[in-house]
Amino acid sequence: MIQREGGHIFFEALNLVKMLNVNLETIPRAEGVYLFKNAKGEVLYVGKAKDLKARISSYFRGPVLSPKIHALLEQANSIDYFLTSNEKEALLLEATFIKKYRPKYNVLLRDDKNYPLLRLSLGEEYPALHIVRKRKKGDQALYFGPFTSARSLREILKLLSRTFPLRKCSISEMRRRKSPCVYYQIGKCLAPCVNKVSKEEYESLVKGVIDFFQGRGRELLQRMKKEMEDLAERMEFERAAFIRDRLRDIETILERQAVILSKPLDLDLWDMKEDKNFLYLIVLYVRYGHLYGYQTFRVKKNLSEDSPLREITLQFYLEGKVIPDRILLPELWENFQEQEELLSEYAGKRVILETLKEDEELKYLRDLATRNLQNFMISCQRRESPWYSGLADEIKRALRLKEEPRYIEAIDLSQYYGQARVGVIVGFFEGEPDKSRYRYFKIKGEGRDDFSMLYEVLTRRLKRGAEEKNLPDLILIDGGKGHLETALRAIEDLNLRDIEIRSIAKNEKREPDKVYLPGRKNPLFLPRYKEVYHFVGRVMSEAHRFALSFAERTLKKETLITSLDRIPGIGPKRREILLKRFKSLQEIKEAPLEALAKLPTFNVALAKKLKEALQRESLTTEIN
């Protein structure tokens, strides 16, 4: 039997064990990987454990389940498990199964952007530089990257092919060639295929490529300048001119590179944010102290027995990525050292997983990552909002606007028989309420009709907005043609332009019905535009709610002020003290005498007089 309570699920563990046909007693206490499968044999979830029996049993012995685990167990039909020699082996097997089966309840990194890498084939007699998309495990070649802009990479290679003219052909083609190719003729290859260059000179070019991509470009320039000067002294002017041209190309490229760190560090920096359904991630690539770029991901939330970063980074780096010396993460998980060892084995060097330290340079990188991740998160959320699915365009067409409005404000007015005269403005940004743009106004003028109140509220709002440069794109007014004309007069009096304004007339059910436009005699019939009709109704309802709420608070305060003003001994100063401390007359009546006497400028005698006066007023009100 399964029951819900407070967002959790309570269940009878025995029934679920029987349903899954699992004999918990036969599961060994050993390291390994387990798979939940459905009736069709499809893998629903892959997990790893130091103690398989304890981990699998935990799904059935705990009193509370999250909704996602409950959904997993409802769909599961069987559990398979595989024993491993150690946790590192379990990590690798888990990653392999996740990649193979893409389970529904695992955190899946859909990395469809394999950014280009540069591969320098150091194991060959005459190494070549090629663009590749993945790093092969155990490959002894030297890799540079990733480069987040393939176009920029090709431009760099175009310049470098003149500076470091390494071979372009394959090994097999080089062996077959009897004469130099066209690249030799245009100065982009030194033709090692037909021995046109010595091994020492070619090795010097290879070292220059390595120095350049490993952040030692400035040292390379100094070395090349000295070599050029030596050649000139020996009167080898042709070779000196060749190096001079190479120097110019390298200087051009170095001007474009952003040096981020003072040390030639090789690291990836991760950051993560989340909302209700998704995780948002960013990784910054820093190679030899230079920022090569960044990559962003959005991952659907799923079951995760520890930090989701464990599964995500494991999937990411085992997909043929260049693994840096250091990986900086917003958080670490229990036994992260096992993953550290596995990545070190894959990279063929020591790899360190760590959280970000308090370092000024690294703080700059973290701030850079946070800003870009926030923009990415907002961008993803916007793409899925109704505003960016056509609502903005429909509002523009329905209300005959010049541009799609992003900032929309609505004005509503309220009063109680001439008292508590107030006006409010509610703000919406891209279709959603923006509380930072909510404003309320107490009417200062003597006018008690809608038109004079509207003119005052709109004038005060627009005057302040013009000074602060935060005017809305569209203003909606609750009213008819007369209200629109009043609003247009306020805009004209302030000499403002480019502010769209529309008046919304409601029917007897207080629903938006007609829209009055400037310069148009007859109104538009709003219900014709279904989505706009619902949106405008939502905005105007929010403005009406806010206006009533503020008017009620204002009325209570005005009533309180009037009552206090009638009590001898309570002047403006003491009245303000009471208003700051108490919200209503009832609170003052119920307050202990000692509490009133302790207020600034009050004493016991005045407190008694205040309580007695309020009591008399209460009796008078009841008799009347």
Residue pair L122, I210: steps toward the side chain to side chain contact (heavy atoms under 4.5 Å, CB included) verdict
CA-CA 10 Å; L122 290 181; I210 295 171; 4.2 Å; yes
Lys/Arg-Asp/Glu bridge criterion (N-O < 4.0 Å) met for R167, E124
yes
Out of Y294, F316, Y280, which one pairs with W270 under the ring pair (Phe, Tyr, Trp, His ring centres under 6.0 Å) rule?
F316
For Y285 and Q295, does a side-chain donor sit closer than 3.5 Å to a side-chain acceptor?
yes
Taking D473 for the side chain and R406 for the main chain, is one N or O donor matched with an acceptor at less than 3.5 Å?
yes
So, are D230 and R234 salt-bridged, with charged N and O less than 4.0 Å apart?
no
What do you reckon, is CZ of F376 surrounded by more than 12 foreign heavy atoms closer than 6.0 Å?
yes
So I352 and E340, side chain to side chain contact (heavy atoms under 4.5 Å, CB included) or not? Walk me through it.
CA-CA 6 Å; I352 299 171; E340 210 173 48; 3.9 Å; yes
Aromatic plane relationship, F36 with Y45 - under 30° parallel, 30 to 60° tilted, over 60° perpendicular:
tilted
Do the side chains of L284 and N372 get nearer than 4.5 Å, heavy atoms only?
no
Parallel, tilted or perpendicular: which fits the ring planes of Y202 and Y126, with parallel below 30° and perpendicular above 60°?
perpendicular
Could you tell me whether a side-chain N or O of T355 sits under 3.5 Å from a main-chain N or O of E331, the two making a donor and an acceptor?
no
Counting only N and O atoms by type, is there a donor-acceptor contact under 3.5 Å from the side chain of K301 to the main-chain atoms of D275?
yes
Sub-3.5 Å donor-acceptor pair from the side chain of S58 to the main-chain atoms of R55, do we have one?
yes
Is the closest side-chain heavy-atom distance between M377 and E274 below 4.5 Å?
no
Applying salt bridge (Lys or Arg N to Asp or Glu O under 4.0 Å), can you list everything that pairs with E42, at least two apart in sequence or on another chain?
none
Return yes if some donor-acceptor pair links the side-chain N/O of K349 with the main-chain N/O of I323 below 3.5 Å, else return no.
yes
Can you tell if the side chain of V283 reaches within under 4.5 Å of the side chain of L281, non-hydrogen atoms only?
no
For the residue pair W333 and F336, categorise the inter-ring angle as parallel (less than 30°), tilted (30 to 60°) or perpendicular (more than 60°).
perpendicular
V46 backbone acceptor or donor facing N106 side chain under 3.5 Å
yes
Is there a side-chain contact between V286 and L269, using heavy atoms and a 4.5 Å cut-off?
no
Can you find a heavy atom in the side chain of P127 that is under 4.5 Å from one in the side chain of L166?
no
Does L314 reach the side chain of L342, with side-chain heavy atoms less than 4.5 Å apart?
yes
Take E89 and E31 through the test side chain to side chain contact (heavy atoms under 4.5 Å, CB included) and record every step on the way to the result.
CA-CA 9 Å; E89 191 178 307; E31 288 182 314; over 6 Å; no
Using the rule given for salt bridge (Lys or Arg N to Asp or Glu O under 4.0 Å), can you reason through E173 versus R177, listing the C-alpha separation, both sets of side-chain angles and the distance that settles it, and then say yes or no?
CA-CA 6 Å; E173 188 180 353; R177 190 166 290 284; 3.0 Å; yes
Does T370 reach the side chain of K273, with side-chain heavy atoms less than 4.5 Å apart?
yes
Residue pair N77 / K37, side-chain heavy-atom distance below 4.5 Å:
no
Could you walk me through whether E94 and R310 pass the side chain to side chain contact (heavy atoms under 4.5 Å, CB included) test, one step at a time?
CA-CA 11 Å; E94 178 193 31; R310 183 187 69 79; 2.7 Å; yes
Under 3.5 Å: donor-acceptor pair, side chain of R287, backbone of L267:
yes
With rounding to the nearest 0.5 Å, note down the distance linking CG in L362 to CG in L265.
7.0 Å
